[in-house]
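Reviewing the structure listed below.
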Number of protein chains: 2
Amino acid sequence: MLTQSVEYALRAVVFLAKEGEPRTTAQVAEATQVPSAYLSKILQGLARAGVVRSQRGIGGGMTLVCGPNELTILDVVNAVEPLQRIETCPLGLLEHGVKLCSLHRRLDNAMKSVEDAFRNSTLADVLADPNPSVPLCGTADSAEG
Amino acid sequence: MLTQSVEYALRAVVFLAKEGEPRTTAQVAEATQVPSAYLSKILQGLARAGVVRSQRGIGGGMTLVCGPNELTILDVVNAVEPLQRIETCPLGLLEHGVKLCSLHRRLDNAMKSVEDAFRNSTLADVLADPNPSVPLCGTADSAEG
DNA sequence: CCGAAACTGGATGACTGTGTCCAGTTTCGG
DNA sequence: CCGAAACTGGACACAGTCATCCAGTTTCGG
């Protein structure tokens, strides 16, 4: 339902939030197991959206612009592929423009529940979650096959 | 977030539910404002999935297999493009397989909320909704532009 | 049987998402 | 200044989605 690019972007920012210091595209790619050439495009997008800052040259890399508690999953999703709500009738029916019909209202409510869930999760929340599985972290041999 | 094909399929089944009798692809296409050549492919898929029954020849057309109160939005969505939950860790980390990490658990919870919302809406619900905008219905000149 | 109505299936094309590659540019350290 | 490190941008390839068109098949009515 969400695109591959969104998944990759989320992994990348979670990693950057966990590290807290500049990391190169190659480092992020290895840690998140995302193809590095493609990840660089995604990070470029996040940089243009103001989520991440890039620094060229030796010692450079990518850093989060905000702290983990000021950046939500929704921010990242919207930076990569804006989560679009149904604002007006997809059929272009004028009467449905202001108040969606029952079908589209139901679809939009589902969108809204996703949006709300994403808005209520900051990266700090994700990292602080009392969960046995730490995001992106596996033992050396756990990613085989 | 949902594909165009899902939107088209939902419009089509809502229309068929409202009519209750066989309707040709052309009739459905006009009522739902979906390109008819493409709609025929979508209806073929719905027929293969057992949501709709097709009848060739004069007097034929498409009919719902079940009654509107036995068919949910989720059924239609899954027939066209299965709504996929996150079952195992997308990174392939073995430790995360059974219990998702906090990032993927949050993403999957969002998927689940969509799935639940769709499962709880039958076509009968959609049609019976006390809403001033009746699904797919506009006055003759409301779909201009 | 004949023909019109209606669905079926394959070929085709544009566009987007995913992914790779490489040449170019910036920056830092010496 | 020089070179290595690192990001940037463009070109390309491939698959899937969206969409169209047409020839073929089934079915009904007369």
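Note that these values count all heavy atoms, side chains included, but never hydrogens, waters or copies made by symmetry. The sequence lines fix the lettering, A, B, ..., with proteins before strands; numbering per chain opens at 1.
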inquiry  = OP1 or OP2 of dA5(D) versus the side-chain N and O atoms of T24(A): is any pair under 4.0 Å?
reply    = no
ask   = Under 4.0 Å between a side-chain N or O of Y8(A) and OP1 or OP2 of dT18(C)?
value = no
For [X] and [N], give me the distance from atom [atom1] to atom [atom2], rounded to whole Å.
X: R56(A); N: dG3(D); atom1: CZ; atom2: C1'; value: 17 Å
X: Y38(B); N: dC18(D); atom1: OH; atom2: P; value: 4 Å
X: Q55(B); N: dT26(D); atom1: CD; atom2: P; value: 13 Å
X: Q44(B); N: dT8(C); atom1: CD; atom2: P; value: 5 Å
X: Q27(A); N: dC7(D); atom1: CD; atom2: C1'; value: 14 Å
X: M62(A); N: dA5(D); atom1: CE; atom2: P; value: 18 Å
X: I42(A); N: dT16(C); atom1: CD1; atom2: C1'; value: 15 Å
X: R48(B); N: dG9(C); atom1: CZ; atom2: P; value: 6 Å

note = Contacts of G57(A) and T3(A) projected onto DNA chain C by closest heavy atom; the upstream (5') one is T3(A)
note = Comparing G59(B) with S40(A), nearest DNA chain C nucleotide closer to 5' gives the residue G59(B)
key: Backbone N/O of I86(A) and side chain of D108(A): donor-acceptor pair under 3.5 Å   = yes
query = Sub-3.5 Å donor-acceptor pair from the side chain of N109(A) to the main-chain atoms of R106(A), do we have one?
reply = no
task = Compute whether any side-chain donor of one residue and acceptor of the other, for Y8(B) and T3(B), lie under 3.5 angstrom apart.
result = no
ask   = Is it the case that T72(B) and D75(B) place a side-chain donor and acceptor less than 3.5 Å from each other?
value = yes
task = Would you mind reporting whether I73(B) and L103(A) have side-chain heavy atoms less than 4.5 Å apart?
result = yes
Contact check, side chains of Q55(B) and T63(B), non-hydrogen atoms, under 4.5 Å = no
key: Point-to-point distance, once rounded to the nearest 0.5 Å, from CD of Q4(A) to OH of Y38(A)   = 8.0 Å
remark   = Note: for A47(A) and L39(B) on DNA chain D, the residue whose nearest nucleotide lies more 5' is A47(A)
remark   = Testing dA5(C), dT27(D), dT18(C) for proximity to the side chain of I58(B), the answer is dA5(C)
request  = Could you check which of dC7(C), dC7(D), dT20(C) has an atom nearest any side-chain atom of T25(A)?
outcome  = dC7(D)
query = Hey, does Q4(A) reach any base, or is it just sugar-phosphate, or nothing, if we go heavy atoms under 4.0 Å?
reply = sugar-phosphate
message = By the 4.0 Å heavy-atom rule, please label S5(B) as base, sugar-phosphate, or nothing.
response = sugar-phosphate
query = Does the base of dG19(C) carry an N or O that pairs as donor and acceptor with the side chain of K41(A) under 3.5 Å?
reply = no
ask   = So what's the dot-bracket for DNA chain C: Watson-Crick or G-U pairs under 3.5 Å, [ ] if a pair crosses, | if it pairs off-strand?
value = ||||||||||||||||||||||||||||||
query = Does E70(A) CD have over 12 foreign heavy atoms under 6.0 Å away?
reply = yes
